[in-house]
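Read the structure below first, then the notes.
Owing to the predicted nature of the structure, the values given are computational and were not obtained by experimental measurement.
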Amino acid sequence: MMLLGCIGDDFTGSSDLANTLAKGGMRTVQYTGIPDAPAGDDVQAGVVALKSRSIDPGKAVAQSLAALDWLRNQGCSQFFFKYCSTFDSTAEGNIGPVADALADALGAAKVIVCPAFPGTGRSIYQGHLFVKDRLLSESGMQNHPLTPMTDPDIRRWLAPQTKHSVGHIAAGDVFAGEAQIRQSLDDQHAAGHLHIVVDAIRDEDLFEIGRAARDLPLITGGSGIALGLPGNFGCTASQPAWAGQTGKSVVLSGSCSAATRAQVARHAARHPAREINAAHVIDRSLSPQDIADWLLSTEGLPLAYSSADPDAVAKVQETYGREASSAAFESFFAEVARLAVLGGARRIIAAGGETSGAIVEGLGLDNLEIGPEIDPGVPALRARPDLVIALKSGNFGSEDFFEKADRLLAGGT
């Protein structure tokens, strides 16, 4: 029987969560969309990966509730709504509407809100989200093309998205441990708050928060808060089994984050790299087949990328429209990946949440077996007996991530 049911609002975040749970000793499977068949008997944690972060809020709610229904039917006793550790959303959603709907469906009276993961540089203090030593609004996320994050106060950012009151548990109470966190949750509930932002500045805090959440039907947050959940089900930390994959490897990057741009720059200085021009994609003078052919015919670890600085992204969106340009790139990368695999690629490395989601959908992948961690928050994934992939959130990974990912996917260290 499945114990923990998880709903992720994008594919890279879902693999991040699955990675955390697998390292904690839970037999974890990531599903691409809502499965149409029951889970295997040995699955302890199921992660349903949706592509709901930036779609219409009503559609995001409907998809999330459908995922919840499937997970409930697998026998889960607790549920987790996973969103980005940088709280990617707008005043309309989709974090608030989805969290409200899940809470209503489960009868949840106290819902933890904690996107923190100090191990990857995300921490919450006094209700404010930091990326390393910068407030969220000064971290580069204020330039995100779909969900620009211009306010680091999670309470204030969530408030217009939800019909419920938003409370807060300060760091001092978290430092005091599990019992005090439980008491503070009760106090915040008594004060009329349903959604409760919880400070966390150390990974140890996340373990305590996880333990305090043992009896809650619904938890929301980044993957960090899941650190403390496997132990609640009697699981102990272990390393997932992994066998590497031989064959051709390619890298596809559509993220415009500062971290990914640095990774692209480093990789391009050492390996073959080809930039994908937005105008050529939209006017169709460049085809997915062109890029797939180049990737397959190029020796080494070739990279095809559209990653650009914020000014360049803004210019593309102004010229072609935000939704039209985003949809064009997602469709393009999905078809490139499909053609590359059809042509013999056996290792795919993807950078960017929207890009990764498009690639997974383009390849028609149903579920992903969780392998070992490449970098914090990014696991190796087996998609088919002859295909392995890595899905990297834009802000994650060291500058040599692409090389490191390929080594591990191939079975090295």
Side-chain angles (χ1 to χ4, degrees), residues 10-12 15 32-33 49 51 53-55 145-146 245 247-257 260-261 263-264 267-268 271-308 312-313 315-317 319-366 368 381 383-384 386-394 401-402 405-406 409:
D10 85 333
F11 289 83
T12 56
S15 61
T32 302
K51 201 162 175 281
R53 179 172 297 172
S54 302
I55 65 175
L146 298 178
Q245 181 65 50
K248 179 64 178 175
S249 184
V250 301
V251 185
L252 299 170
S253 175
S255 171
C256 298
S257 72
T260 297
R261 295 201 313 273
Q263 290 159 353
V264 166
H267 196 82
H271 302 272
R274 181 169 175 177
E275 184 173 8
I276 299 171
N277 183 282
H280 295 164
V281 169
I282 294 170
D283 69 16
R284 300 189 179 182
S285 60
L286 179 69
S287 74
Q289 188 71 64
D290 295 333
I291 297 299
D293 288 345
W294 178 80
L295 289 166
L296 292 170
S297 63
T298 302
E299 296 294 325
L301 184 58
L303 160 69
Y305 67 97
S306 65
S307 307
V313 173
K315 186 175 181 180
V316 169
Q317 292 182 338
T319 303
Y320 301 104
R322 187 179 80 171
E323 292 186 4
S325 55
S326 295
F329 269 114
E330 289 177 29
S331 175
F332 189 90
F333 275 115
E335 184 64 3
V336 169
R338 189 188 71 83
L339 292 169
V341 171
L342 189 64
R346 293 295 175 258
R347 300 194 298 277
I348 304 287
I349 301 165
E354 300 299 323
T355 303
S356 295
I359 288 171
V360 168
E361 289 182 337
L363 292 174
L365 306 179
D366 295 324
L368 302 172
L381 302 166
R384 297 173 185 162
D386 63 348
L387 178 65
V388 294
I389 63 175
L391 307 175
K392 185 191 84 70
S393 175
F401 174 82
F402 299 141
D406 189 52
L409 291 177

Quiz prompt | Val264/Phe402 under side-chain contact (heavy atoms from CB on, under 4.5 Å): CA gap, chis, key distance, verdict | solution = CA-CA 9 Å; Val264 166; Phe402 299 141; 4.2 Å; yes
Looking only at atom types and distance, does a side-chain atom of [X] sit under 3.5 Å from a main-chain N or O of [Y], one as donor and one as acceptor?
X: Thr260; Y: Gly394; result: yes
X: Asp293; Y: Asp290; result: no
X: Thr298; Y: Trp294; result: yes

Which atom pair, heavy atoms only, marks the closest approach of [X] to [Y]?
X: Phe333; Y: Ser306; answer: CE1-OG, 3.5 Å
X: Leu146; Y: Ser54; answer: CD1-OG, 3.9 Å
X: Lys248; Y: Gly300; answer: NZ-O, 3.6 Å
X: Phe332; Y: Pro288; answer: CE1-N, 3.5 Å
X: Gln245; Y: Arg346; answer: CG-O, 3.6 Å
X: Val281; Y: Ala328; answer: CG1-O, 4.0 Å

Tell me, do [X] and [Y] make a side-chain contact under 4.5 Å, heavy atoms counted?
X: Ile349; Y: Phe401; answer: yes
X: Ile348; Y: Leu387; answer: yes
X: Leu303; Y: His271; answer: no
X: Leu368; Y: Ser15; answer: no
X: Ile359; Y: Ser356; answer: no

How long is the gap from [atom1] on [X] to [atom2] on [Y], to the nearest 0.5 Å?
X: Cys256; Y: Glu354; atom1: SG; atom2: CD; value: 11.5 Å
X: Thr355; Y: Glu330; atom1: OG1; atom2: CD; value: 7.0 Å
X: Ile389; Y: Arg384; atom1: CD1; atom2: CZ; value: 9.5 Å
X: Ser325; Y: Lys315; atom1: OG; atom2: NZ; value: 14.0 Å
X: Gln289; Y: Leu339; atom1: CD; atom2: CG; value: 4.5 Å
X: Leu252; Y: Ile276; atom1: CG; atom2: CD1; value: 7.0 Å

Practice problem: Please report the C-alpha distance between Ser253 and Lys392 in whole Å, then the side-chain angles of each, then the deciding distance to 0.1 Å, and finally whether the side chain to side chain donor-acceptor pair (under 3.5 Å) criterion is met. | Solution: CA-CA 9 Å; Ser253 175; Lys392 185 191 84 70; over 6 Å; no
